[in-house]
Visitor: 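I have a structure here, written as structure tokens, and I will follow up with some questions on it.
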Amino acid sequence: MKRIIHTFLLFQYISLTIFLIFPFIKVQASYSSEGLNQAGLSGIVTDAKSGLPLHGASVQIPDLKLVIVTDSAGNFHFKNLPSGNFLIEIKYEGYKTITRNISLKTGSNTENFKLEESATEISEVVVTGTSKATQIKRNPVPIVSVSHDYLTTNLNTNAIDAIAKIPGVRAVTTGPNVSKPFIRGLGYNRILSLYDGIRQEGQQWGDEHGIEVDQYGIDRVEVIKGPASLSYGSDALAGVVNLIPTAMAPEGKMKGDILLDYQSNNKMIGGSAMLAASKNGFEWLGRISHKQAVDYQNKVDGRVFGTAFNETDANASFGLHKKWGYSHVDFVMYDDLQEIPDGSRDSATWKFTRQITDIDTARQIVSDHDLNSYAIEKLHQHVQHYRFYNSNNFILNNGGRILLNLGFQRSLRREFSHPDEPSIPGLYLELNSFTYDLKYTFPDIKEWNVTAGINGMYQNNVVTNGTEFVIPSFHQFDVGPFITAKKTFAKLDVAGGIRYDLRSFNNDQLYTATNPQNGLDMPVYGSDTIGANKIFSNYEKTFSGMSGSLGATYNFTEKIAVKANISRGFRAPNIAEISANGVHPGTNIYQIGNPDFKSEFSLQEDIGFVYSSKLAVIELNLFNNFISNYIYNQKLIGVNGKDSVIVPGNQTFQFQASRANLYGGELSVDLHPVKSLHFENAISLVDALNKGKTKETLVPDSEKYLPFIPPLHGTSELRFDFDCSSLQIKHGFIKVQMEYYSNQNRVFSAYGTETRTPGYTLFNAGMGGNYVNKQNKTIFSIYLMANNIFNVAYSDHLSRLKYFYGNYQNPSPNDNPREHGIYNMGRNIALKIDFPLNWDLKKT
């Protein structure tokens, strides 16, 4: 522990030194040339048709994390900018976004922009997986940007649930507050989650371990659908989800908001308050959020015991912008009390029951009062996640850039599973992660953009402070050098790169014995290991692999573009896949790993087509992905042909490896016959085949398909946008939405690992808008939304609760038709009110 504390303090010292001292040194070193590389940028934003100025248009330079809004005359002005080439983005609601590459020269620069009215938008700029901000339509890698408006105007229960309707994206869930992203049929440690570009580390291997992020603090999301190992190394084999928090205030402004949120199904009460300001290049932001809920309900199960939660979040950010670039320091806290469902029920009444003793020979029926209570049960998870990171972008005099990101995260996960000793955690995981990411972007030469870098992390995980041990304590170090290049040839953009990764991994042996004071397991060392149970052995291994990507985009016209990309991904096995050996509380599973696993490698081909006009946006993306050494979880059967039971009340699973082939695609058709009417449709499909360990392996029909693959999924939404001056409403909308999920019959049925899931159709609706004063300033925004309007009882194929059958002594299904598992959430109606705050700061 002392080593961890000392390392953390050293990290803080380095980060604060970079934030506070390096900029000063940089400015002093350039003092003699103060006027030589300092630039300014001014201009006016107008309506292309009328020529009238657009007040409140957003002018952004993403690579510098700078934004400013136009005044009443449409004017904007940046000062103290570094000279060089930058992408600038102009946004105004109801108009087509303009993106333009500009070359800032020393002194004053002028750029004017004329925006055209448009109901469609495909010119989004993304920053994920690239060294410089890039337009999606010029990026060959399949990527989607989810806007703040989308997150706000769709009902969701957590940050990952908010993107689960995006074509090609789904989520594995354990109730309404625990979700893990799946992209094109792949998830867990194959999907890398980022927070503001910094990798999220919090025991991602666990089935019921969600993403520790404040949903109210997310401004937008960028999703890479395919291997991103080139930029991020292992764990990005199948894609990346970058959760981008609320942006700082524009220069010279103070902004804030107070958000109130209520959801009817589980009586969820939520709220968030944020305040931010920026002046003379110094900026800050603070937010605090809270939400709590009782058990969710559906029309068959009633309220589902063990799904209540109580979550509190906070973050603070500080930044400094000068002509040398920027430096940011961020602190983030996540604290969640999350109940643990096990699905057990009383055989006579079919009501949910709770465990009341460790020996668990009899259970207590849960009362209606307790099902409707916000109080958290004795058996629950307490998940805490603390994040401190420093991000920097230094612009050099030669036009090059140095990007340096350093991060420290501390993840504490305690799962309280002992009714007789409620204060003693069963599973207690302490993960400390130090991440680093260093890139150098060379000066552009004949429009070649070349970046070389190195990134990785060091991790230390301690598991010995609990009484249940599903994984061992371990140490891990990752390092990966890489180089990327991008070149524009008029309408053609070509991009690619190569990377080599090393992961050094070792876990500690562990002996356990019975604690004489409470009868629970405890770690023992030295001479006490004689006669003790050896749970884990010492294990050391280094995993390595090469990854890369090559792709191109060709824009035939402003309306039509095609993309193609081929990429190789790399992933080292995670700790559970290698070393697991024990019951994982909250999963009803005894998990067994395999120390002989090799690294996974994927080869994915992507091709895409985009058509965009004022009346329609049509996008088609197809992919084919082959993975060697694909690791999946398989249920074990005993010699009697029934479930293998090592610990009563838990199914036994062991990880297996095979070759896998996943293929499919997404099609979206958005029609806009008039500006105010939107008819948006999307469908996505992924098929996943188990190809066997070798080419000669004969795969039986029951093992033909990979487990946990989402079914064909489609959405259709009809939305009408309006303004109503008599009611003082601007940017109002009314919408209805249909979600369709087909039967999933292509399952890994061998050994009862997975069961088929019937299809279903859900209908959702929503309305909302901004209430403004006579000066058109928003006083508050209000949204009324409903999901599953007709209260359909359904099981999502990726819901873990589908396999919680009700008998705590025999967790497998039997002939009782009532033992169906637990259905997903029923009808849910949400009311959300947001009070924005904006002030102009006095100029100095």
Side-chain angles (χ1 to χ4, degrees), residues 15-16 18-20 23-24 27 40-42 55-72 75-82 88-89 91-92 127 148 152 195-197 214 216-220 243-260 271-290 313-333 387-393 770 772-773 775-781 834-844:
S15 297
L16 290 174
I18 293 172
F19 177 69
L20 297 174
F24 177 78
V27 170
L41 177 63
S42 304
H55 177 211
S58 169
V59 184
Q60 302 180 55
I61 307 177
D63 283 329
L64 298 178
K65 291 190 176 183
L66 283 175
V67 60
I68 201 167
V69 295
T70 56
D71 61 21
S72 58
N75 294 308
F76 67 90
H77 175 67
F78 290 103
K79 58 181 181 179
N80 294 327
L81 296 177
I88 190 168
E89 182 181 37
K91 286 186 174 182
Y92 193 72
V127 296
H148 180 71
T152 301
Y195 179 87
D196 199 17
D214 174 13
Y216 298 127
I218 302 303
D219 183 66
R220 71 183 198 277
L243 303 161
I244 301 174
T246 303
M248 294 287 192
E251 171 62 32
K253 302 284 185 179
M254 177 178 282
K255 71 173 185 178
D257 73 68
I258 299 173
L259 175 70
L260 303 175
S272 185
M274 182 274 294
L275 191 65
S278 178
K279 186 176 181 181
N280 297 329
F282 178 75
E283 56 193 9
W284 57 266
L285 179 149
R287 177 185 293 275
I288 186 168
S289 304
H290 179 79
D313 310 291
N315 71 277
S317 304
F318 303 91
L320 190 63
H321 284 262
K322 295 296 180 181
K323 67 186 185 67
W324 43 260
Y326 69 78
S327 183
H328 282 193
V329 171
D330 295 77
F331 306 85
V332 186
M333 183 206 78
R387 181 188 294 107
F388 170 82
Y389 63 98
N390 171 228
S391 55
N392 308 273
N393 187 352
N770 302 335
V772 300
N773 60 17
Q775 290 75 39
N776 279 331
K777 182 179 180 180
T778 299
I779 299 175
F780 64 86
S781 301
D834 188 10
F835 298 89
L837 308 170
N838 291 281
W839 300 274
D840 287 325
L841 299 177
K842 292 182 179 180
K843 295 182 179 180
T844 59

Visitor: For D196, what residues pass the salt bridge (charged side-chain N to carboxylate O under 4.0 Å, His left out) criterion, not counting sequence neighbours?
Guide: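 Expected list: K65.
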
Visitor: Starting at CG of N280, measure out to NZ of K322 and round the result to the nearest 0.5 Å.
Guide: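 Nearest 0.5 Å value for the CG-NZ distance: 6.5 Å.
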
Visitor: Counting C-beta onward and ignoring hydrogens, is there a side-chain heavy-atom pair between N838 and M254 closer than 4.5 Å?
Guide: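 N838 vs M254: side chains apart.
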
Visitor: What are the two closest heavy atoms between F835 and L260, and how far apart are they?
Guide: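 Closest heavy-atom pair between F835 and L260: CE1-CD1, 4.4 Å.
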
Visitor: Take F78 and V59, measure what side chain to side chain contact (heavy atoms under 4.5 Å, CB included) needs, and give me the verdict at the end.
Guide: CA-CA 10 Å; F78 290 103; V59 184; 3.7 Å; yes

Visitor: Would you find a donor on one side and an acceptor on the other, under 3.5 Å apart, between the side chain of N393 and the backbone of D63?
Guide: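 Judged by distance alone, yes, a pair lies under 3.5 Å.
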
Visitor: Would you compute the distance between atom CG of L275 and atom CD1 of I258 and round it to the nearest 0.5 angstrom?
Guide: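 Going from CG on L275 over to CD1 on I258, the span is 9.5 Å.
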
Visitor: Quick check: closest heavy atoms across V67 and S58, and the distance to 0.1 Å?
Guide: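 Smallest interatomic distance, heavy atoms only, reads CG2-OG, 3.5 Å.
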
Visitor: Minimum heavy-atom separation for Y389 to V332, with atom names?
Guide: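 Here Y389 and V332 meet closest at CE2-CG2, 4.3 Å.
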
Visitor: Roughly how far, to the nearest 0.5 Å, is CG of D219 from CD1 of I244?
Guide: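 Answer rounded to 0.5 Å: 8.0 Å.
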
Visitor: Determine whether D330 and R387 satisfy the following criterion, side chain to side chain contact (heavy atoms under 4.5 Å, CB included), listing intermediate values before the conclusion.
Guide: CA-CA 8 Å; D330 295 77; R387 181 188 294 107; over 6 Å; no

Visitor: Quick one: do N315 and D313 satisfy side chain to side chain donor-acceptor pair (under 3.5 Å)? Show the steps, please.
Guide: CA-CA 7 Å; N315 71 277; D313 310 291; over 6 Å; no

Visitor: So, do L41 and I88 sit near enough that their side-chain heavy atoms are less than 4.5 Å apart?
Guide: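 Yes; the side chains approach each other to less than 4.5 Å.
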
Visitor: Any idea how F388 and F331 line up, ring-wise: parallel (<30°), tilted (30 to 60°), or perpendicular (>60°)?
Guide: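 Correct class here is tilted.
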
Visitor: Roughly how far, to the nearest 0.5 Å, is the CD1 atom of I61 from the CG atom of L66?
Guide: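 Reported value, rounded in 0.5 Å steps: 5.5 Å.
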
Visitor: Heavy-atom distance under 4.5 Å between the side chains of S42 and N75, does that happen here?
Guide: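 In short, these two side chains do not touch, never coming nearer than 4.5 Å.
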
Visitor: Look up atom CE in M248 and atom OH in Y326, then write down how far apart they are to the nearest 0.5 Å.
Guide: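 It is 11.0 Å, given to the nearest 0.5 Å.
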
Visitor: On a heavy-atom basis, which atom in E251 and which in G281 lie closest, and how many Å separate them?
Guide: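 Reported closest heavy-atom pair: OE1-N, 3.4 Å.
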
Visitor: Where is the tightest heavy-atom contact between P836 and F780, given as atom of each residue plus distance?
Guide: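 Here P836 and F780 meet closest at CD-CA, 3.9 Å.
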
Visitor: Less than 3.5 Å apart, any donor N or O on the side chain of N770 or S781 sitting next to an acceptor on the other?
Guide: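 Yes, a side-chain donor-acceptor pair sits under 3.5 Å.
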
Visitor: Find the distance between CD (Q775) and NZ (K777) and round it off to the nearest 0.5 Å.
Guide: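 The CD atom of Q775 sits 9.0 Å away from the NZ atom of K777.
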
Visitor: Judged by atom type as modelled, is there a donor-acceptor pair below 3.5 Å linking the side chain of H328 to the main-chain atoms of S317?
Guide: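 Answer holds: no.
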
Visitor: Ignoring hydrogens, what is the shortest heavy-atom contact between T246 and R287? Give both atom names and the distance.
Guide: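 Shortest heavy-atom contact: OG1-NH2, 3.0 Å.
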
